[in-house]
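Okay, so here's the structure we're looking at.
Please read these numbers as outputs of a predicted model, since none were measured by experiment. We number each residue from 1, following the sequence as shown.
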Amino acid sequence: MVPVRNIVILTGAGVSAESGIDTFRSAGGLWERHRPEDVATPEAFARDPDLVLAFYDMRRAAIQEKQPNAAHEALARLDAAWPGELLIVTQNIDDLHERAGARRMLHMHGEHLNAWCRACDRRSRWLGPLLDRPPCPQCGAAALRPDVVWFGEMPYRMDEIQAALRRCDLFVSIGTSGAVYPAAGFVRDARDLGARTLELNLEPSQGSAWFHESRLGPATEVVPAWVDEMLGQ
Ligand code: APR
């Protein structure tokens with residue numbers, strides 16, 4: 001097998017599930033209780049900003065009480081030790097990868113703990129509520145929204161992601177259902193570009209057929225085992 005030099009790791013809500021953060025489409029997932037079109041689209045925000053801001057205020061407060069789990073910690077360990085290129089592309093908007101120590105990473109769907117000012121277009125770290133329309137720390141306008149990519153909006157840093165996919169020889173997908181594009185298409189891009197593809201998930205995702213290999217189980221078990229294998233332990 002070709003030695004692995006450059007790795008791209010895509011993570012989804014399943015990597016944070018065992019930290020107690022709701023996934024979206026698993027049983028009891030978030031979208032069973034809130035229709036995405038009611039809380040996660042620009043139209044929803046225009047129609048009922050209080051509902052959307054309250055929804056994200058609740059989620060922003062909840063994640064600050066959660067802790068990274070063994071899967072986040074294993075990925076941070078791989079990031080620190082891996083001599084080749086490595087990029088963690090997370091769809092998650094929690095900060096558990098960072099808090100576990102991951103550095104070479106990006107949030108393609110934004111971050112719960114950032115606020116984005118619609119007046120000055122700048123982003124600020126934000127831990128509190130937005131429902132009471134606090135002033136933007138940088139321009140003072142009461143125009144802050146969650147810095148989260150809603151359905152119909154463009155994910156962030158796609159150029160960097162595509163460049164990393166072109167260079168990778170191993171693409172690993174962890175804890176994602178493969179239901180939402182463009183992330184769900186990365187496995188095909190990687191495979192078409194000659195990379196090996198591996199899925200680590202609780203159950204087969206919608207894109208399972210595109211992976212050379214799938215290892216099923218909870219992330220806190222399958223991810224540390226895979227990282228140990230990659231680090232030759
Ligand atoms: N370990 C590993 N995988 C798990 C675990 C676990 N403990 N628990 C759940 N999973 C898997 C589920 O089997 C499912 O395949 O994680 C996946 C979660 O899928 P979704 O809930 O659809 O979350 P995700 O794929 O991240 O959603 C993608 O959709 O709603 C948008 O923007 C939102 O970023 C999100 C995007």
Side-chain angles (χ1 to χ4, degrees), residues 1-29 63 66-109 161 164-165 167-180 183-184 186-191 193-233:
M1 194 162 74
V2 173
V4 176
R5 287 181 312 279
N6 303 333
I7 307 173
V8 171
I9 299 166
L10 174 69
T11 67
V15 82
S16 296
E18 291 163 89
S19 294
I21 296 183
D22 289 338
T23 63
F24 294 93
R25 297 171 187 83
S26 308
I63 66 165
K66 309 299 184 192
Q67 297 304 324
N69 64 51
H72 298 107
E73 285 156 7
L75 292 175
R77 184 157 52 87
L78 182 64
D79 180 17
W82 187 254
E85 290 183 22
L86 181 143
L87 179 63
I88 298 169
V89 178
T90 189
Q91 299 173 88
N92 298 339
I93 53 182
D94 62 56
D95 64 340
L96 298 186
H97 281 303
E98 296 90 322
R99 281 165 51 199
R103 292 288 170 271
R104 294 184 280 181
M105 65 166 290
L106 63 85
H107 286 268
M108 65 179 287
H109 287 168
I161 296 168
L165 288 170
R167 290 197 305 271
C168 82
D169 28 53
L170 175 61
F171 175 79
V172 186
S173 176
I174 303 174
T176 182
S177 61
V180 173
F186 292 165
V187 57
R188 267 172 271 180
D189 298 341
R191 189 168 177 147
L193 290 158
R196 275 192 61 74
T197 55
L198 167 66
E199 178 177 57
L200 307 178
N201 212 56
L202 189 64
E203 61 212 358
S205 71
Q206 294 181 27
S208 277
W210 292 89
F211 289 91
H212 292 106
E213 183 187 358
S214 281
R215 297 182 191 176
L216 301 183
T220 55
E221 290 173 21
V222 295
V223 176
W226 171 68
V227 167
D228 288 349
E229 190 183 297
M230 292 302 290
L231 297 178
Q233 289 161 5

Kindly determine whether His212 and Thr197 satisfy side chain to side chain donor-acceptor pair (under 3.5 Å), including the steps that lead there. CA-CA 5 Å; His212 292 106; Thr197 55; 3.0 Å; yes
About how many Å separate [atom2] of [Y] and [atom1] of [X], when rounded to the nearest 0.5 Å?
X	Y	atom1	atom2	result
Asn92	Ile21	CG	CD1	7.5 Å
Thr90	Leu106	OG1	CG	9.0 Å
Leu193	Cys168	CG	SG	7.5 Å
Leu200	Leu10	CG	CG	11.0 Å
Arg188	Phe211	CZ	CZ	10.0 Å
Ser177	Leu202	OG	CG	12.0 Å

Before giving the answer on side-chain contact (heavy atoms from CB on, under 4.5 Å), spell out for Trp226 and Leu75 the whole-Å C-alpha distance, their side-chain angles and the decisive distance to 0.1 Å. CA-CA 10 Å; Trp226 171 68; Leu75 292 175; 4.1 Å; yes
In the structure I gave you, are the side-chain heavy atoms of [X] and [Y] within less than 4.5 Å of one another anywhere?
X	Y	result
Ser214	Asn201	no
Glu18	Pro218	yes
Arg77	Leu231	yes
Val180	Phe24	no
Leu165	Val89	no
Met230	Leu170	yes
Ile9	Ile174	yes
Met108	Gln91	yes

Work out which heavy atom in [X] is nearest to a heavy atom in [Y]; give both atom names and the distance.
X	Y	answer
Ser19	Asn69	OG-ND2, 3.0 Å
Ala219	Val15	CB-CA, 4.3 Å
Gly178	Ala184	O-CB, 3.5 Å
Pro224	Ala70	CG-O, 3.8 Å
Ala17	Thr23	CB-CG2, 3.8 Å

Please enumerate all residues that pass ring-ring contact (aromatic ring centres under 6.0 Å, His included) together with His97, with sequence neighbours excluded.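 Testing His97 for ring-ring contact (aromatic ring centres under 6.0 Å, His included), a comparison that skips the adjacent residues, returns His72.
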Should the pair Phe186 and Phe171 be assigned to parallel (<30°), tilted (30 to 60°) or perpendicular (>60°) ring geometry?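 Because their plane-to-plane angle is over 60°, the rings of Phe186 and Phe171 count as perpendicular.
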State whether the number of non-hydrogen atoms from other residues, nucleotides or ligands found under 6.0 Å of Trp210 atom CH2 is greater than 12.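 Not buried by this count: 12 neighbours or fewer within 6.0 Å.
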Would Asp79 and Arg103 pass as an ion pair if we require N to O under 4.0 Å?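 No.
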Is a donor on one side and an acceptor on the other found under 3.5 Å between the side chain of Arg99 and the backbone of Lys66?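 Answer holds: yes.
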Under a 3.5 Å distance rule, please check whether Asp169 uses its side chain to pair with a backbone N or O of Asn6 as donor and acceptor.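 Yes: the side chain of Asp169 pairs with the backbone of Asn6.
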What pairs of residues pass the salt bridge (Lys or Arg N to Asp or Glu O under 4.0 Å) test when at least one of them lies in residues 202-217, not counting sequence neighbours?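 Qualifying pairs: Glu213-Arg215, Arg215-Glu229.
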